[in-house]
J.: 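Please read through the structure below; I'll follow up with questions.
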2 protein chains.
Amino acid sequence: MSQDLPVTAYAILGLLTFGDELTGYEIKQRADMTLRFYWVSPATSQIYTELRRLADHGLVRADAHADGGREVTSYAITDAGQEALRTWMAETPAGFPVLKHPVLLRLLVGHASEPARTRQMLHDYLVELDQALADLGGVRESLRGADSEGEPFRFPALVADWGLDYFAAEAVHTQRALASLGDPGPSATA
Amino acid sequence: MSQDLPVTAYAILGLLTFGDELTGYEIKQRADMTLRFYWVSPATSQIYTELRRLADHGLVRADAHADGGREVTSYAITDAGQEALRTWMAETPAGFPVLKHPVLLRLLVGHASEPARTRQMLHDYLVELDQALADLGGVRESLRGADSEGEPFRFPALVADWGLDYFAAEAVHTQRALASLGDPGPSATA
DNA sequence: ACTTGCATGTAAGTCGTTACATGATTGT
DNA sequence: ACAATCATGTAACGACTTACATGCAAGT
């Protein structure tokens, strides 16, 4: 039955299990808000490509309708899509996470760089972590009120909390690395 | 001068900054031990491809010599390679980590799966985390004795400690998710 | 009037994987 | 003698990205 699709296809399928019909554009936005923290946010063009493939396999239904004056296509998951997603989750091992961590990669070969540059990189990372924490924190807040057992956003809330803890831990590790590199931190200047 | 190369090329270059001349085969082994935790362990064929490209750019020197009866090629980083690596680290922003986390992806759409299956997945993940902790812990141990300031393995030790903490935190998050899903844990049965 | 957002794609190219092929060396 | 490890590649293919192109709708 269900041919093996790239994981990204299942990720898109998963986004469509939360009820609404979505356009490719909207899927991209949702992916930017949620998927990007745990998987990737695929390029827009990739999303349209996957949607076409999913439609060809009958896993999503393309609903072309008029929005104001123009033609817009939104997509809904089909019963076959639900089934394919469930089968995939039941029978395909999840596998171990792949972490592409440019900061750690560069820190690994830190002896080949200026110490000041390495510290700068870690400071930059802290700023980006702050941003990520704020972004994901915003998402987490938006789920409040429907995040208990049996409610629709229980699982998204679970992974958001996981992600928030992860980013917080990254910040701690970064601080620790900075301390180990003799960075005084922003304490004295303030 | 230094064209933009894929990050994997710089990662290989980085592995060659630890002193020895390495064959492609040995680079693959080192990558499996260290790089795989923070970046990826490229396929063997990919390593040979990158090595050829690096050699074409003059960033590594290919040293074909006889090992016993057969021809073996080992690679050493050149001065130009050191320079290219330093330039890359100095001028290219590291960028934010990309996490491809199939467990979190599946947990995100947990409502589309059997609860028992989700718990099973988390248990499986715990086992894999144990293995990763053991593997990386072994690497960490092998660095002892040369992991202080000014010593060659200072930075590898720093990232290994970071990684060990990360895996430990993942285990905690997994346990927490299991608890939230009503998993009693292995306590009562023991 | 003009910019920003919404919405959908095509084309080209790269990175990287899997599968396969080959052969020498070492250990048991 | 046989298996495992060392060592080096080729070929085919797929996922994904970037760059580009297009045009309507809505806000200021």
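Lettering follows sequence order; numbering is per chain, from 1.
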J.: A:P6 side chain: which of D:dA7, D:dA15, C:dT18 is closest?
T.: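 Closest nucleotide to the A:P6 side chain: D:dA15.
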J.: Within this structure, what is the CG-to-P distance between B:L51 and D:dT8, rounded to whole angstrom?
T.: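 So the two atoms are 9 Å apart, to the nearest Å.
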J.: Using only atom types and a distance under 3.5 Å, with no angle test, would you say the side chain of A:T49 pairs donor to acceptor with the backbone of A:S45?
T.: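 Side chain of A:T49 to backbone of A:S45, a donor-acceptor pair under 3.5 Å: yes, one is there.
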J.: Looking at DNA chain C, which of residues 12-25 of chain A put a heavy atom within less than 4.0 Å of it?
T.: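 Correct list: A:T23, A:G24, A:Y25.
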J.: Both B:K100 and B:S45 contact DNA chain D. Which one's nearest nucleotide lies toward the 5' end?
T.: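 Nearer the 5' end of the strand: B:S45.
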J.: In whole angstrom, give the distance that lies between atom CD of B:Q46 and atom C1' of D:dA11.
T.: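 In whole Å, D:dA11 C1' lies 14 Å from B:Q46 CD.
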J.: Spell out yes or no: do the side chain of A:T73 and the base of C:dT8 have one donor N/O and one acceptor N/O closer than 3.5 Å?
T.: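 No.
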J.: Is there a ring-ring contact (aromatic ring centres under 6.0 Å, His included) between B:F167 and A:F96? Walk through the geometry before answering.
T.: CA-CA 11 Å; B:F167 287 136; A:F96 202 72; 5.8 Å; yes
J.: Looking at B:Q29, I'd like to know whether one of its side-chain N or O atoms comes within less than 4.0 Å of OP1 or OP2 on D:dC6.
T.: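 So the side-chain polar atoms of B:Q29 do come within 4.0 Å of the phosphate oxygens OP1 or OP2 of D:dC6, strictly under.
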J.: Calculate the interatomic distance between A:R70 atom CZ and D:dC24 atom C1'; express it in whole Å.
T.: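 Taking atom C1' of D:dC24 as the reference, CZ of A:R70 is at 5 Å.
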J.: Is the shortest distance from a Lys or Arg side-chain nitrogen in A:R119 or A:D124 to a carboxylate oxygen in the other one below 4.0 Å?
T.: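 Salt bridge between A:R119 and A:D124, a charged N being under 4.0 Å from a carboxylate O: no.
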J.: Charged N to carboxylate O below 4.0 Å: is that the case for A:D32 and A:K28?
T.: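 A salt bridge is present here (some side-chain N lies under 4.0 Å from a carboxylate O).
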J.: Rounded to whole angstrom units, what separation is found between the CG atom of B:L5 and the P atom of C:dG13?
T.: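 After rounding, the gap between these two atoms is 19 Å.
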J.: Classify A:T8 by what it touches in the nucleic acid, base, sugar-phosphate, or nothing, heavy-atom distance under 4.0 Å.
T.: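 Touches sugar-phosphate only.
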J.: Please report the distance, rounded to the nearest Å, between OH in B:Y10 and P in C:dC15.
T.: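 Whole-Å distance recorded here is 11 Å.
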J.: Under 6.0 Å between ring centres: does that hold for B:F37 and A:H101?
T.: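 Centroid separation for B:F37 and A:H101: 6.0 Å or greater.
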J.: A:D67 CG to D:dA26 C1': how many Å, rounded?
T.: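 The answer, rounded to whole Å, is 12 Å.
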J.: Testing B:E170, B:Q120, B:R106 one by one against B:Y125 for a side chain to side chain contact (heavy atoms under 4.5 Å, CB included), which residue passes?
T.: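 Option passing the side chain to side chain contact (heavy atoms under 4.5 Å, CB included) with B:Y125: B:E170.
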J.: Whole angstroms only, please: what is the NZ-P distance between A:K28 and C:dG5?
T.: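 For the pair A:K28 NZ and C:dG5 P, the rounded distance is 15 Å.
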J.: If you look at every strand shown and take non-hydrogen atoms under 4.0 Å, does B:T44 touch a base, only sugar-phosphate, or nothing?
T.: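 Base: the residue B:T44, judged by heavy atoms under 4.0 Å, touches a nucleobase.
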J.: For the side chain of B:T78 and the backbone of B:G58, is there at least one donor-acceptor N/O pair under 3.5 Å apart?
T.: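 Indeed, once roles are kept as given, a pair shorter than 3.5 Å links the two residues.
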J.: Grab the stems for DNA chain C, please: at least three consecutive Watson-Crick or wobble pairs, both distances below 3.5 Å, written as range with range.
T.: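 Counting only runs of 3 or more consecutive pairs, the stems involving DNA chain C are C:1-28 with D:1-28.
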J.: For residues B:F155 and B:F18, establish whether the separation of their ring centroids is below 6.0 Å.
T.: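 Ring centres of B:F18 and B:F155 not closer than 6.0 Å.
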J.: In whole angstroms, how far is the P atom of C:dA7 from the CZ atom of A:R52?
T.: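 After rounding, the gap between these two atoms is 18 Å.
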J.: May I ask you to evaluate whether A:R53 reaches the phosphate of D:dA15, defined as a side-chain N or O under 4.0 Å from OP1 or OP2?
T.: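 So the side-chain polar atoms of A:R53 do come within 4.0 Å of the phosphate oxygens OP1 or OP2 of D:dA15, strictly under.
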J.: Throw together a table of side-chain donor-acceptor distances under 3.5 angstrom for residues 126-150 of chain A, partners on residues two or more places apart or in other chains.
T.:
from: A:Q131; atom 1: NE2; to: A:D135; atom 2: OD1; distance (Å): 2.9
from: A:D135; atom 1: OD2; to: A:R36; atom 2: NH2; distance (Å): 3.1
from: A:R140; atom 1: NE; to: A:D161; atom 2: OD1; distance (Å): 2.8
from: A:R140; atom 1: NE; to: A:D161; atom 2: OD2; distance (Å): 3.4
from: A:R140; atom 1: NH1; to: A:D147; atom 2: OD2; distance (Å): 3.2
from: A:R140; atom 1: NH2; to: A:D147; atom 2: OD2; distance (Å): 3.1
from: A:E141; atom 1: OE1; to: A:R144; atom 2: NE; distance (Å): 3.1
from: A:E141; atom 1: OE2; to: A:R144; atom 2: NE; distance (Å): 3.4
from: A:E141; atom 1: OE2; to: A:R144; atom 2: NH2; distance (Å): 3.3
from: A:S142; atom 1: OG; to: A:V139; atom 2: O; distance (Å): 2.6
from: A:S148; atom 1: OG; to: A:E151; atom 2: OE1; distance (Å): 3.3

